[in-house]
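Inspection log for the structure reproduced underneath, given as structure tokens.
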Amino acid sequence: MKKYLIILSVAIFAIMTGNVYAQQQVNVGIILTDDVDEDSQKAENESAVVSDDVMKDGKIVIAAGTPVILDVEYQKHRGVGKQGYISVKPVSTTDVYGQIVSLNGAAKTFEGKSRRGAAIGCGVFFGIVTFPVGLLFLCIKGQDAELEEGTKMIATATLN
């Protein structure tokens, strides 16, 4: 008898307070507010915001303009025409109650233009013709990578 009373009281409590364990996945639009490149010092802190209000059950859960924390990975351009690479992935934001909301989404990536063919071709040709000065053409670097302000991304958040 005691067992049934406990189950009944838990069921009534769950009905009255709503289903606490129900989770909903929502899409969160994100927009970059600053250019992100390998020289950005604050890129991981506040260079992106939520673009639109995120609603759940008719209420705003994440307000537009809320800062988003990003994970920025980059590789600088190097000699022999190697291009730069940058990858930006949303990590988290906060909801209207101040709680941290994790974001899952594909990283936005961009690679600069490769100049490998020009560096090797000129380095070899001019290296043979005007040795050793011609070998300096092997120092030609590829193009930097940069994500411009206004770039949009979409992430997924799991809300309780």
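The residues of the chain are indexed from 1 along the displayed sequence.
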CG of Asp52 to CD1 of Ile62: how many Å apart, nearest 0.5 Å? 11.5 Å
May I ask you to check whether over 12 heavy atoms, not counting those of Glu149, lie within 6.0 Å of atom CD? yes
Quick one: list whatever passes side chain to side chain donor-acceptor pair (under 3.5 Å) with Thr158, sequence neighbours left out. Gln25
CG (Leu103) and CE (Met153) are apart, to the nearest 0.5 Å, by 9.5 Å
Under a 3.5 Å distance rule, please check whether Thr151 uses its side chain to pair with a backbone N or O of Leu32 as donor and acceptor. no
Examine Val68 and Val26 and state if one hydrophobic cluster contains both, with Ile, Leu, Val, Met, Phe, Trp and Tyr joined whenever side-chain heavy atoms are less than 4.5 Å apart. yes
Remaining members of the apolar cluster that contains Ile154, side-chain heavy atoms under 4.5 Å: none
Test side chain to side chain contact (heavy atoms under 4.5 Å, CB included) applied to Thr156 and Val28, step by step: CA-CA 6 Å; Thr156 305; Val28 179; over 6 Å; no
What heavy-atom pair brings Ile30 and Ala48 nearest, and what distance separates the two atoms? CG2-CB, 3.8 Å
Smallest separation among heavy atoms of Leu159 and Lys56, with atom names: O-NZ, 4.0 Å
Would you mind writing out the side-chain donor-acceptor pairs for residues 89-96 within the sub-3.5 Å range, not counting sequence neighbours?
unit_1	atom_1	unit_2	atom_2	d
Thr93	OG1	Pro67	O	2.9
Asp95	OD1	Tyr97	N	3.1
Asp95	OD1	Gly98	N	3.0
Asp95	OD1	Gln99	N	2.8

Heavy-atom closest pair, residues Ala107 and Ser87: CB-OG, 3.4 Å
